[in-house]
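Below you'll find the structure, written out as structure tokens, and then a few comments.
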Amino acid sequence: MSQKNDRAARRAKLEAIQAAERRKKSRTLSLAVIGAFVAVVGVVLTIAWLGNDPDPATASDTGSTDSRLVRADSHRLTQARSGEVTLVEFLDFECEACRAAYPLVEELRKEYQGRVTFVARYFPIPSHFNAERAARAVEAAAQQGKFEQMYQRMFETQSQWGEQQVPADGTFRGFAKDLGLDITRYDKTYEDPATLKRIKKDVSDGEALGVQGTPTFFLNGEKLQPNSYDDFKKALDAALAD
């Protein structure tokens, strides 16, 4: 009986090790996918936006005190107690690379809760049919205190409405109902030109900072280009140690 228990224990330990390896490979693969998407989108957007920045020198100014990184009305998913370390993500809710990054960011938020401030900035890509609509829906939810819930819903359901040439307004309105929002108020905010203006302000900041694709991360004002989940951790740990 004891030998059976020993074999079972060894088998369970082996399975746990294998599961851990699979998770590690999955995280690394996700970051590799993100890198590939950003590289492709970056080339396209560089061509489209080359002539739109009136001051290239301004775009290279990404110091930690640059107000274009974090505005007073920027959405903070997690607020650090000290506020000394901030990770900013410019994202597009229809972007598959952003969807791949989403679970990694969620895991980082849990691990660095209270130590790192995580900020989400809108950056809908024009070629994504529903990206701007998704951002408007999230901002409309934010006006009722449900930014994080709608942010999460968008990434969790992206496969249902993304990469389509059909307006997803009704789908997003359904999400608002599910979240218990005041639908009359949601509809008004969703259609309000001020909502789109708010989103475009994020886009303008991103462009000025040299963002050319999504997701793009800035850690304490410096552009972060991680190749793996461990790269994220090393960068955050180093920033916390400074």
Side-chain angles (χ1 to χ4, degrees), residues 41 45 48-49 52-54 58-59 66-79 86 88-99 101-102 105-106 117-209 211-216 218:
V41 174
L45 293 182
W49 293 338
N52 293 339
D53 187 355
T58 300
D66 195 330
S67 63
R68 294 171 301 185
L69 281 164
V70 183
R71 299 285 186 180
D73 62 352
S74 294
H75 296 299
R76 293 156 178 80
L77 290 164
T78 304
Q79 180 69 53
T86 301
V88 179
E89 178 184 5
F90 283 85
L91 57 84
D92 173 342
F93 293 108
E94 195 171 354
C95 166
E96 292 182 31
C98 294
R99 172 64 185 88
Y102 166 69
V105 172
E106 291 293 283
T117 297
F118 288 81
V119 179
R121 305 290 305 271
Y122 301 117
F123 202 83
I125 304 298
S127 61
H128 290 162
F129 190 81
N130 280 304
E132 190 174 273
R133 289 180 172 86
R136 284 163 52 203
V138 174
E139 183 58 25
Q143 295 305 310
Q144 296 189 45
K146 294 291 181 71
F147 172 83
E148 182 176 355
Q149 293 88 334
M150 188 67 92
Y151 157 93
Q152 293 173 330
R153 182 66 63 89
M154 287 298 177
F155 283 129
E156 290 165 359
T157 63
Q158 188 194 88
S159 61
Q160 300 173 22
W161 55 267
E163 297 299 319
Q164 299 181 27
Q165 299 301 307
V166 179
D169 308 76
T171 298
F172 301 154
R173 193 172 190 267
F175 296 163
K177 288 182 178 180
D178 291 343
L179 293 176
L181 300 183
D182 178 330
I183 293 302
T184 300
R185 183 181 170 192
Y186 168 86
D187 288 341
K188 184 177 179 180
T189 307
Y190 185 76
E191 298 295 343
D192 191 340
T195 300
L196 184 56
K197 183 178 180 181
R198 163 70 179 79
I199 292 163
K200 288 187 174 181
K201 184 173 68 174
D202 275 13
V203 173
S204 294
D205 281 346
E207 291 177 352
L209 292 164
V211 175
Q212 297 178 345
T214 55
T216 294
F218 291 89

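To the nearest 0.5 angstrom, S74 atom OG is 6.0 Å from R198 atom CZ. Going from atom CZ of F155 over to atom CG of L91 covers 4.5 Å, rounded to the nearest 0.5 Å. Going from atom CD of E96 over to atom OG1 of T214 covers 11.0 Å, rounded to the nearest 0.5 Å. The CD atom of Q212 sits 10.5 Å away from atom CD1 of I125, with the distance rounded to the nearest 0.5 Å. Note: D187 CG to L181 CG = 10.5 Å, rounded to the nearest 0.5 Å. Taking CZ of F93 as the start and NE2 of H128 as the end, the distance is 13.5 Å to the nearest 0.5 Å.
Using a cutoff of 4.0 Å between basic side-chain nitrogens and carboxylate oxygens, D205 and K201 are not scored as salt-bridged. Electrostatic pairing of D66 and R68 counts as a salt bridge here, judged by a charged N lying under 4.0 Å from a carboxylate O.
Of the possible donor and acceptor atoms, none in the side chain of Q165 sits under 3.5 Å from a partner among the backbone N and O of F129. The main-chain N or O of P215 is never found under 3.5 Å from a side-chain atom of E89 such that the two would form a donor-acceptor pair.
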Given T86 and R76, is the side-chain contact (heavy atoms from CB on, under 4.5 Å) satisfied, shown in steps? CA-CA 10 Å; T86 301; R76 293 156 178 80; over 6 Å; no
Stepwise side-chain hydrogen bond (donor to acceptor under 3.5 Å, both in side chains) test for Y122 and E132: CA-CA 9 Å; Y122 301 117; E132 190 174 273; over 6 Å; no
Determine whether M150 and F172 satisfy the following criterion, side-chain contact (heavy atoms from CB on, under 4.5 Å), listing intermediate values before the conclusion. CA-CA 9 Å; M150 188 67 92; F172 301 154; 5.7 Å; no
Walk me through it: do V211 and F218 pass the test side-chain contact (heavy atoms from CB on, under 4.5 Å)? CA-CA 10 Å; V211 175; F218 291 89; 3.8 Å; yes
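Considering only heavy atoms from C-beta on, T195 stays 4.5 Å or farther from Q143 through its side chain. No side-chain heavy atom of H75 sits less than 4.5 Å from a side-chain heavy atom of E148. Side-chain contact between E94 and P124 is absent, with no heavy-atom pair separated by less than 4.5 Å. Within the 4.5 Å cutoff, side-chain heavy atoms of V138 are placed close to those of F147. Side-chain atoms of V203 and E207, non-hydrogen and from C-beta on, do get closer than 4.5 Å to each other.
Taking all atoms of both residues into account, the shortest heavy-atom contact from W161 to A134 is CH2-CB, 3.9 Å.
Evaluation of the side chain to side chain contact (heavy atoms under 4.5 Å, CB included) rule for E191 yields R136 as partners, not counting sequence neighbours. Residues forming a ring pair (Phe, Tyr, Trp, His ring centres under 6.0 Å) with Y190 (at least two apart in sequence, or on another chain): Y186.
The salt bridge (charged side-chain N to carboxylate O under 4.0 Å, His left out) contacts involving residues 137-146 comprise nothing, where partners must be two or more places apart or lie in separate chains.
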